[in-house]
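For this chain, numbers begin at 1 and follow the sequence in order. Each ligand, and each atom within it, is numbered from 1 in the order the structure gives.
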Amino acid sequence: MEQNRQSTVIITGASSGVGLHAAKALAKRGWNVVMACRDLQKAKKAAESVEMPEDSYTIMHIDLGSLNSVREFVNNFRASGKSLDALVCNAAIYMPLLKQPLRSPEGYELTVATNHLGHFLLCNLMLEDLKKSNASDRRLVILGTVTHNPDELGGKIPPRPDLGNLDGFAAGFKEPIAMIDGKKFEPVKAYKDSKVCNVLTMRELHRRYHESTGIVFSCLYPGCVADTPLFRHHYPLFQKLFPLFQKYITGGYVSQELAGERVAAVVADPEYRQSGVYWSWGNRQKKNGKPYVQQVSPQARDDEKAKRMWELSEKLVGLA
Ligand SMILES: NC(=O)c1ccc[n+]([C@@H]2O[C@H](COP(=O)([O-])OP(=O)(O)OC[C@H]3O[C@@H](n4cnc5c(N)ncnc54)[C@H](OP(=O)(O)O)[C@@H]3O)[C@@H](O)[C@H]2O)c1
């Protein structure tokens with residue numbers, strides 16, 4: 001982005017993995033990075049571990065699983081007097097071995113609360129900050145994943161994501177309801193459902209606000225970053241074999257450093273100034289290492305579902 005003042009980006013979940021390396025990559029490009037993290041000490045250590053210059057970042061507290069915490073974060077950010085040029089919704093949890101759902105302080109199932117509802121509220125509130133920025137180029141980027149898409153090889157492994165008619169959201173999404181479709185709790189599906197919501201959120205943000213604000217909304221799939229702590233709640237054997245499988249069998253593996261660079265490119269480079277799209281570095285379609293605009297899954301491109309998801313999410317986060 002060509003601007004005189006230093007650009008500011010907020011990255012959620014910048015204390016490890018893709019978010020940390022995106023923070024490093026953007027700091028290297030001269031951006032002021034706000035690392036929005038739930039564990040401040042861990043974030044500080046993480047920034048030091050990748051040798052981010054001290055004056056290139058600030059760390060601010062956010063727990064995306066708590067709507068109050070998201071609101072507090074927004075207030076604190078505004079109180080800092082910074083203007084906002086880009087927001088990266090990156091934080092996520094994946095807890096495949098859970099037998100029973102965990103709950104957010106509001107009583108919502110925690111995976112969807114963290115990955116989708118917290119970010120949904122954050123995006124809606126921070127739109128105002130992005131609008132106020134005097135930068136000509138402002139972007140809101142959400143991390144996607146191949147597992148949201150059953151049209152893809154990586155998305156064919158069951159359980160498949162399915163929001164159904166969002167009956168679980170419509171019924172309030174609290175005990176005993178644990179899934180967006182209102183059906184039985186399945187932790188892996190909860191993660192995939194939340195990532196479908198991430199894509200629907202991006203598309204609906206684009207539909208509602210791109211033309212009137214000029215803000216660029218996009219998602220990206222940086223490749224399979226198979227050795228991040230995202231998989232820390234999986235079986236140890238899975239954690240050992242998954243990176244090898246992705247490196248040597250599917251070829252989908254990407255390092256955390258390269259994934260971070262890819263996020264930084266989508267945030268900052270002129271060639272990614274397209275709104276409403278999903279950039280993919282998917283392994284099978286890789287064209288000389290270049291990403292392409294990929295069609296999202298049938299559910300994620302369903303406009304009626306996007307509207308229903310938006311309206312129900314607004315109610316759940318207290319915006320309606
Ligand atoms: N790994 C992959 O293969 C892959 C592929 C495609 C897309 N993605 C996407 O990339 C993103 C980052 O994943 P990753 O692989 O880098 O995982 P990761 O290393 O586990 O990073 C997740 C980040 O989210 C933070 N986080 C979790 N819950 C939070 C909460 N309640 N409030 C605030 N922050 C929270 C974590 O904080 P703590 O450090 O405190 O736990 C951590 O900083 C996710 O959106 C994921 O869906 C990953």
Side-chain angles (χ1 to χ4, degrees), residues 10-24 35-47 49-50 59-70 72-73 88-96 102-106 108 110-119 121-122 141-149 152 154-155 161 188 190-199 201-202 219-234 238-239 242-243 245-247 250 252-260 262-263 266 278-283 294:
I10 294 174
I11 305 177
T12 66
S15 55
S16 80
V18 178
L20 173 63
H21 289 277
K24 181 183 176 179
M35 300 169 71
C37 299
R38 61 178 167 179
D39 182 336
L40 302 182
Q41 278 186 349
K42 181 179 177 183
K44 177 85 189 136
K45 275 194 190 145
S49 75
V50 296
I59 301 171
M60 291 178 65
H61 183 262
I62 192 169
D63 177 356
L64 281 150
S66 155
L67 298 176
N68 280 342
S69 173
V70 171
E72 251 173 53
F73 168 82
V88 179
C89 296
N90 162 81
I93 50 170
Y94 176 57
M95 309 191 86
L102 300 174
R103 295 281 164 183
S104 75
E106 290 80 18
Y108 301 142
L110 192 62
T111 300
V112 170
T114 304
N115 302 358
H116 165 55
L117 291 172
H119 278 131
L121 177 61
L122 185 69
V141 176
I142 308 181
L143 268 288
T145 163
V146 73
T147 57
H148 96 273
N149 192 350
E152 280 288 301
V188 174
Y191 173 78
K192 293 180 182 179
D193 285 353
S194 73
K195 300 306 286 184
V196 172
C197 286
N198 286 162
V199 182
T201 300
M202 178 281 287
C219 280
L220 81 146
Y221 172 60
C224 185
V225 207
D227 49 14
T228 72
L230 186 68
F231 305 100
R232 79 192 99 158
H233 301 291
H234 219 308
F238 176 92
Q239 292 178 46
F242 188 53
F245 176 72
Q246 292 295 344
K247 263 184 203 168
T250 70
Y253 174 84
V254 61
S255 69
Q256 298 181 42
E257 287 79 5
L258 187 52
R262 288 174 175 177
V263 174
V266 173
Y278 181 100
W279 297 101
S280 176
W281 274 267
N283 49 313
Q294 185 178 28

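Across all their heavy atoms, A259 and P222 have their closest contact at CB-CB, 4.0 Å. Taking every heavy atom of both residues into account, P161 and V196 meet most closely at CB-CG2, 3.7 Å.
Nearest protein heavy-atom contact of atom 7 (C) of ligand 1 is G144 O, 2.9 Å. Atom 34 (N) of ligand 1 has A91 CB, 3.7 Å as its closest protein atom, hydrogens excluded (heavy atom only). In this structure, atom 22 (C) of ligand 1 lies nearest to the protein heavy atom A92 O, 3.7 Å. Atom 15 (O) of ligand 1 has T228 OG1, 2.5 Å as its closest protein atom, hydrogens excluded (heavy atom only). In this structure, the protein non-hydrogen atom closest to atom 1 (N) of ligand 1 is V225 O, 3.0 Å. In terms of protein heavy-atom proximity, atom 12 (C) of ligand 1 is nearest to N90 OD1, 3.1 Å. Here the protein heavy atom with the shortest distance to atom 25 (C) of ligand 1 is G13 CA, 3.6 Å. In this structure, the protein non-hydrogen atom closest to atom 9 (C) of ligand 1 is L143 CB, 4.0 Å.
Here the side chains of S280 and Y278 are in contact, with some heavy-atom distance below 4.5 Å. Residues M95 and L102 have side chains in contact (heavy-atom distance under 4.5 Å, counting atoms from C-beta outward). Using a 4.5 Å heavy-atom cutoff, the side chains of T114 and Y108 are not in contact. Using a 4.5 Å heavy-atom cutoff, the side chains of H61 and S69 are in contact. Put simply, the side chain of V263 does not reach to within 4.5 Å of the side chain of H21, judged on heavy atoms. Residues R262 and W281 are in side-chain contact: their nearest non-hydrogen atoms beyond the backbone lie under 4.5 Å apart. Contact check for V18 versus Q256: no side-chain heavy atoms found under the 4.5 Å cut-off.
When S15, G19, G17, S16 are ranked by how near their heavy atoms come to atom 21 (O) of ligand 1, first place goes to S16.
Any N or O atom pair closer than 3.5 Å counts here, and Y221 shares no such pair with ligand 1. An N or O contact shorter than 3.5 Å links V18 to ligand 1 by distance. Residue contacts with ligand 1: F231 is placed with no nitrogen or oxygen under 3.5 Å of a nitrogen or oxygen of the ligand (distance criterion only). Ligand 1 has an N or O atom lying under 3.5 Å from an N or O atom of L230, backbone or side chain. Considering both main-chain and side-chain atoms, L64 comes within under 3.5 Å of ligand 1 through a nitrogen or oxygen pair.
Remark: E72 pairs with no residue by the side chain to side chain contact (heavy atoms under 4.5 Å, CB included) rule, at least two apart or across chains.
No donor-acceptor distance shorter than 3.5 angstrom exists from the side chain of H116 to the backbone of V112, with no hydrogens or angles considered. Between the side chain of N90 and the backbone N or O of T12 there is at least one donor-acceptor pair closer than 3.5 Å.
Less than 4.0 angstrom separates some heavy atom of I62 from each of these atoms of ligand 1: 32 (N), 33 (C). Residue contact check: I93 has heavy atoms under 4.0 Å from atoms 27 (C), 28 (N) of ligand 1. In summary, the atoms of ligand 1 found under 4.0 Å from a heavy atom of G65, numbered by their order in the structure, are 31 (N). Here is the list of ligand 1 atoms found below 4.0 Å of a heavy atom in T114: 28 (N), 29 (C), 30 (C), 31 (N). Close contacts of ligand 1 with P229, meaning ligand atoms under 4.0 Å from a residue heavy atom, involve 19 (O), 20 (O). Listed by number with element, the atoms of ligand 1 under 4.0 angstrom from any heavy atom of D63 are 30 (C), 31 (N), 32 (N). Under a 4.0 Å criterion applied to the non-hydrogen atoms of K195, ligand 1 contributes the atoms 44 (C), 45 (O), 46 (C), 47 (O). Remark: ligand 1 atoms within the under-4.0 Å shell around heavy atoms of R232 are 20 (O), 41 (O).
With a heavy-atom cut-off of 4.0 Å, K42 touches ligand 1 through its side chain alone. Within the 4.0 Å heavy-atom criterion, the part of Y191 lying near ligand 1 is the side chain and not the backbone.
Residue C224 places a heavy atom less than 4.0 Å from ligand 1. G223 counts as a contact of ligand 1, since one of its heavy atoms falls under 4.0 Å from the ligand.
Between H148 and Y191, the distance separating the two ring centers is not shorter than 6.0 angstrom.
Ring geometry for F231 versus F238: interplanar angle of 30 to 60°, hence tilted.
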Decide yes or no on side chain to side chain donor-acceptor pair (under 3.5 Å) for N115 and Y94, but give the supporting numbers first. CA-CA 9 Å; N115 302 358; Y94 176 57; over 6 Å; no
